[in-house]
Amino acid sequence: MKIPFSESGQEKSDSLNSSQSVARHGQARYHALFTYHPDGICELNRHGNIIYSNLAATRITGQSASALAGIGYVQVLHPEFLEVAQAAFQATLQGEHQYYQALCVGRQGHLVQLDITHVPIIANEQIIGVYAIFRDITQRKKDESELRLLKRGIEASPNGVVMADATQPHLPLVYVNSAFTEITGYSAEEALGRNCRFLQGGDTNREAVEEMRRGIAEHRDVQVLLRNYRRDGSMFWNQLSVSPVFDEQGQCTHFIGIQQDITQQREQEARLAYQSSHDPLTGLTNLGALQAQLERGFQTCSSQAQSLAVLYIDLDNFKPVNDALGHGMGDLLLKMVAQRLLDTVSAGAHVARLSSDEFVVLVAPFQNEHDVIALAGRILAVIAQPFTLYQHCLHISASIGIASNKGSVTKANELLHHASLAMEDAKRQGRNTWQWYCGDSIDNIAEHVIIRRELQEAIQAQQFEAYYQPIVDATTGYIRSVETLIRWHHPTKGLLSPALFMPIAEQTGQIIAIGRWILERACHDIAQLNATRETPLAVAVNISPMQFRRSGFMEEIQTALTKSGLPPGLLELEVTEGTLMSNTAQAVALLNKVRDLGISVALDDFGTGFSSLSYLRDLPISKVKLDRLFVSGIAQNAKNAAIVQGVITMAHHLDLAVVAEGIETKEEQLDLQQRQCNLLQGYFFSKPVPFDALTQLPLTLTPHLLP
Ligand code: C2E
Ligand code: MG
Ligand code: MG
């Protein structure tokens with residue numbers, strides 16, 4: 001290649017002496033600079049034609065130096081830039097340096113982005129041409145636009161993006177995007193320069209933080225879920241992934257963190273998990289979750305030789321409530337039942353709703369069967385309490401089936417099945433009762449189960465009979481009234497005393513049916529007897545605690561009176577202290593209602609419980625029955641005598657009559673008479689007798705009285 005200029009450049013050199021050799025060296029260096037300069041350089045004459053072009057120019061334009069030589073410089077450029085290039089060229093000819101960007105069509109028709117500078121060539125103070133120097137900035141432009149895109153992308157990202165300086169020991173943040181400020185509430189100014197941990201609170205998961213620290217220390221990608229706090233103090237779940245950024249030398253210069261606020265997602269997941277394991281109406285555990293709990297409980301209890309019980313509770317007659325009052329009321333009732341169940345069970349028990357009106361209580365573990373039976377009794381009692389739904393007062397009951405893991409049960413699911421079978425049994429037994437699944441052969445349970453099944457048969461087969469025991473006037477010997485005492489003609493065991501079966505009937509709820517029967521029987525028998533008597537007899541009926549507490553009890557009394565025609569004044573209810581103790585206010589209210597009907601009430605077995613004397617003052621009762629315990633052998637027992645005397649004296653002051661029970665001897669009779677006891681009852685006068693025998697008794701039992 002020829003050296004383009006010989007006149008330019010005044011070289012200074014200490015080593016060369018002659019000006020010729022200076023010029024030669026200068027030309028050689030200029031030649032090298034021109035030829036190998038990385039930018040394309042074309043020397044143009046005043047007409048804009050290319051005189052010389054260097055290697056870079058041929059590489060950029062894709063044309064050889066000979067092809068370029070002589071053509072107008074602007075032809076090398078894309079036609080679109082013709083005007084700009086010409087204007088710049090003209091301006092350079094005026095002595096002005098020019099700078100602009102343009103495109104040229106390079107190798108294989110590729111467009112090349114050029115950064116172009118025009119410099120005038122001055123010789124002898126004349127502008128003799130122009131240097132067009134151009135640099136291929138295609139890659140730079142591409143990088144710039146990519147960077148712009150990237151930045152815009154990061155800025156527009158819904159995820160928080162942060163960058164920390166890895167060369168500083170405390171890894172200060174050097175960049176945060178706008179999503180970060182939106183998520184955290186911290187502005188970029190507040191965040192930059194700080195370590196990202198300022199978002200953490202005291203309760204941040206230590207393990208997650210440790211894992212992140214390890215990832216950072218080892219310069220590897222790490223993903224963690226952190227509890228972070230916004231500027232306003234509210235918590236958010238930060239799903240954070242941190243990646244190291246390396247430079248060309250492989251040095252970690254930055255960490256880039258992408259944070260995703262997954263609080264809503266977590267809440268949604270938690271909601272879904274809750275919904276999939278809970279009954280939406282009552283908030284109780286649903287069947288699926290119960291089965292899982294049962295499975296777990298079964299495994300644990302089996303491995304530790306503990307007992308576990310399932311109580312399957314089905315409301316009696318729930319459907320009519322739904323039908324009559326609508327599903328809204330039905331739902332409300334179910335919610336209230338659920339709440340009562342929760343209030344009744346102890347802390348360790350689970351309550352679930354399976355469907356419609358079916359609930360399950362899981363007791364795991366339990367110590368002995370009686371605790372479970374007691375719980376079943378409490379549940380029956382609590383459901384029997386009236387429900388107030390707006391202006392409606394509803395009475396419902398439930399049937400409960402119980403199954404335990406004792407015996408041959410091998411799978412948790414069997415328990416649920418057994419309990420449901422037992423529940424159906426309870427329904428068949430007349431509802432408002434519980435039934436223990438009797439596939440199990442546990443002795444004490446079986447005995448219980450046998451009696452209750454036989455009792456059920458007894459109700460249906462009318463194996464009960466009402467016996468009556470006279471109560472005589474202590475001064476005249478006249479039979480004033482009779483106490484009704486139930487007897488069971490057991491098909492194999494003969495005549496059974498109520499002491500043997502009434503406590504079980506009380507526990508199972510069968511007392512309700514039996515109590516109703518004896519009440520009606522007694523009213524009926526005595527009304528019939530009175531029809532033949534001049535002076536009518538009164539009749540006393542024992543009332544069990546469950547009977548007394550049950551809603552609908554007053555209606556039962558009314559029905560018995562109406563059916564028999566017995567005047568209310570001739571009916572007396574015998575209740576024990578235990579019956580009145582459990583809910584005194586309610587008991588007093590009920591006793592008042594009973595008294596308002598004209599029915600009298602006697603406090604039975606007085607002295608055997610934790611008698612509170614204030615009862616005698618406050619309760620609307622008319623009689624106290626002294627238990628046989630104090631009467632028997634009274635002459636020989638001074639302490640008993642003192643108690644009896646005390647009770648009689650006090651009762652009289654309170655206008656209460658006193659009945660002495662269990663008089664078996666003349667001695668006892670005389671003693672009680674002397675102590676002014678009003679009425680006497682016991683084998684000495686008559687044992688309890690069947691109705692027929694009662695009709696045969698004389699009007700007075702005077703032969704034994706004082707002359
Ligand atoms: P109670 O109400 O205190 O009845 C008195 C019990 O003493 C009766 O026992 C009666 O037979 C017995 N008795 C009466 N006089 C004598 C006597 O001179 N000597 C002895 N040794 N005993 C005498 P019974 O009939 O076995 O009844 C026991 C308990 O069963 C009753 O005690 C009562 O609490 C309950 N019961 C009986 N019938 C019914 C009933 O129809 N409904 C309810 N809820 N309970 C009943
Ligand atoms: Mg009695
Ligand atoms: Mg008694």
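Along the sequence shown, residues are numbered consecutively beginning with 1. The structure presented is a predicted model; accordingly, all values stated were derived computationally and were not measured.
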For [X], check salt bridge (charged side-chain N to carboxylate O under 4.0 Å, His left out) against everything at least two apart and list the hits.
X      : result
Glu358 : none
Arg521 : Asp525
Asp357 : none
Lys563 : Glu520

Is it true that a side-chain atom of [X] and a backbone atom of [Y] form a donor plus acceptor pair closer than 3.5 Å?
X      : Y      : value
Gln469 : Ser686 : yes
Asn592 : Pro620 : no
Asn530 : Leu537 : yes
Thr484 : Ala540 : yes
Asp279 : Thr285 : no
Ser632 : Leu629 : no
Arg431 : Leu315 : no

Give every donor-acceptor pair under 3.5 Å between a side-chain atom in residues 455-464 and any protein atom, sequence neighbours left out.
residue	atom	partner	partner atom	Å
Gln456	OE1	Gln510	NE2	2.9
Gln456	NE2	Gln429	O	2.7
Gln463	OE1	Trp488	NE1	2.9

Do [X] and [Y] have side-chain heavy atoms sitting under 4.5 Å apart?
X      : Y      : result
Leu603 : Thr576 : no
Arg487 : Leu485 : yes
Gln293 : Leu362 : yes
Val659 : Leu680 : no
Glu572 : Val601 : no
His392 : Phe387 : no
Val372 : Trp436 : yes
Leu570 : Pro536 : yes

In Å and rounded to the nearest 0.5 Å, what is the [atom1] to [atom2] distance from [X] to [Y]?
X      : Y      : atom1 : atom2 : result
Asn286 : Arg353 : CG    : CZ    : 10.5 Å
Met502 : Glu506 : CE    : CD    : 8.0 Å
Leu566 : Ile557 : CG    : CD1   : 12.0 Å
Ile518 : Ile511 : CD1   : CD1   : 10.0 Å
Ile479 : Tyr468 : CD1   : OH    : 14.0 Å
Ser346 : Arg378 : OG    : CZ    : 7.0 Å

* Asked: ring-ring contact (aromatic ring centres under 6.0 Å, His included) with His350: which residues, sequence neighbours excluded?
  ->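 By the ring-ring contact (aromatic ring centres under 6.0 Å, His included) rule, His350 matches no residue at all.
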* Could you walk me through whether Glu295 and Gln299 pass the side chain to side chain donor-acceptor pair (under 3.5 Å) test, one step at a time? => CA-CA 6 Å; Glu295 186 64 51; Gln299 297 303 340; 2.8 Å; yes
* Asked: Would Asp343 and Gln339 satisfy side chain to side chain donor-acceptor pair (under 3.5 Å), going step by step from the backbone distance to the final call?
  -> CA-CA 6 Å; Asp343 294 344; Gln339 192 53 51; 3.1 Å; yes
* Passes side chain to side chain donor-acceptor pair (under 3.5 Å), Ser399 versus Asp314? Steps please. -> CA-CA 5 Å; Ser399 300; Asp314 188 290; over 6 Å; no
* Can you sort out the partners of Asn368 under side-chain contact (heavy atoms from CB on, under 4.5 Å), two or more places apart, ordered by chain and number? =>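 Checked Asn368 against side-chain contact (heavy atoms from CB on, under 4.5 Å); matches are His370, Asp371.
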* To do: Only counting residues at least two apart or in another chain, list the ones meeting side-chain contact (heavy atoms from CB on, under 4.5 Å) with Gln304.
  =>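 Residues passing side-chain contact (heavy atoms from CB on, under 4.5 Å) with Gln304: Thr300, Gln306.
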* Asked: Under the side-chain contact (heavy atoms from CB on, under 4.5 Å) criterion, do Leu694 and Tyr467 qualify, and how do the steps go?
  -> CA-CA 9 Å; Leu694 180 67; Tyr467 271 47; over 6 Å; no
Provide the closest heavy-atom pair for [X] versus [Y] in the form atom of the first, atom of the second, distance.
X      : Y      : value
Leu415 : Phe298 : CD1-CD1, 3.9 Å
Ser564 : Cys523 : OG-CB, 3.3 Å
Leu697 : Pro470 : CD1-CG, 3.6 Å

* Give a yes or no on whether Glu555 atom CD has more than 12 heavy-atom contacts from other residues, nucleotides or ligands under 6.0 Å away. =>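 Correct, the count exceeds 12.
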* Would one find more than 12 heavy atoms of other residues, nucleotides or ligands at under 6.0 Å from atom NZ of Lys335? ->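 It does not: Lys335 NZ has 12 such atoms or fewer within range.
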* Using the test side-chain hydrogen bond (donor to acceptor under 3.5 Å, both in side chains), find all partners of Glu465 that sit at least two apart in sequence or belong to another chain. =>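 side-chain hydrogen bond (donor to acceptor under 3.5 Å, both in side chains) check on Glu465 returns His489.
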* To do: Could you pull out all residues at least two apart from Ser307 that satisfy side-chain hydrogen bond (donor to acceptor under 3.5 Å, both in side chains)?
  =>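 Expected list: none.
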* side chain to side chain contact (heavy atoms under 4.5 Å, CB included), paired with Asn678, selected from Leu656, Asp473, Val658, Leu672 ->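 Option passing the side chain to side chain contact (heavy atoms under 4.5 Å, CB included) with Asn678: Val658.
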* Looking only at side chains, do Thr410 and Glu414 share a donor and an acceptor under 3.5 Å apart? ->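 Result is yes, a qualifying pair exists.
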Could you pull out all donor-acceptor pairs under 3.5 Å where a side-chain atom in residues 319-327 meets a protein atom, sequence neighbours excluded?
residue	atom	partner	partner atom	Å
Lys319	NZ	Asp323	OD2	3.0

* Asked: After noting the C-alpha distance and the side-chain angles of Val360 and Ile313, does the key distance pass the side-chain contact (heavy atoms from CB on, under 4.5 Å) rule?
  -> CA-CA 6 Å; Val360 160; Ile313 305 157; over 6 Å; no
* Stepwise side-chain contact (heavy atoms from CB on, under 4.5 Å) check, Leu334 with Phe359 -> CA-CA 10 Å; Leu334 290 173; Phe359 298 84; 4.0 Å; yes
* Stepwise side-chain contact (heavy atoms from CB on, under 4.5 Å) check, Leu654 with Met650 -> CA-CA 6 Å; Leu654 294 168; Met650 187 177 55; 4.3 Å; yes
* Asked: What pairs meet the side-chain hydrogen bond (donor to acceptor under 3.5 Å, both in side chains) rule with one or both residues in residues 490-500, with sequence neighbours excluded?
  ->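 Listed once each, the pairs are Glu454-His490, His490-Thr492.
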* **Cationic N near anionic O, under 4.0 Å, Asp605 to Lys625** =>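 No, no charged N to carboxylate O under 4.0 Å.
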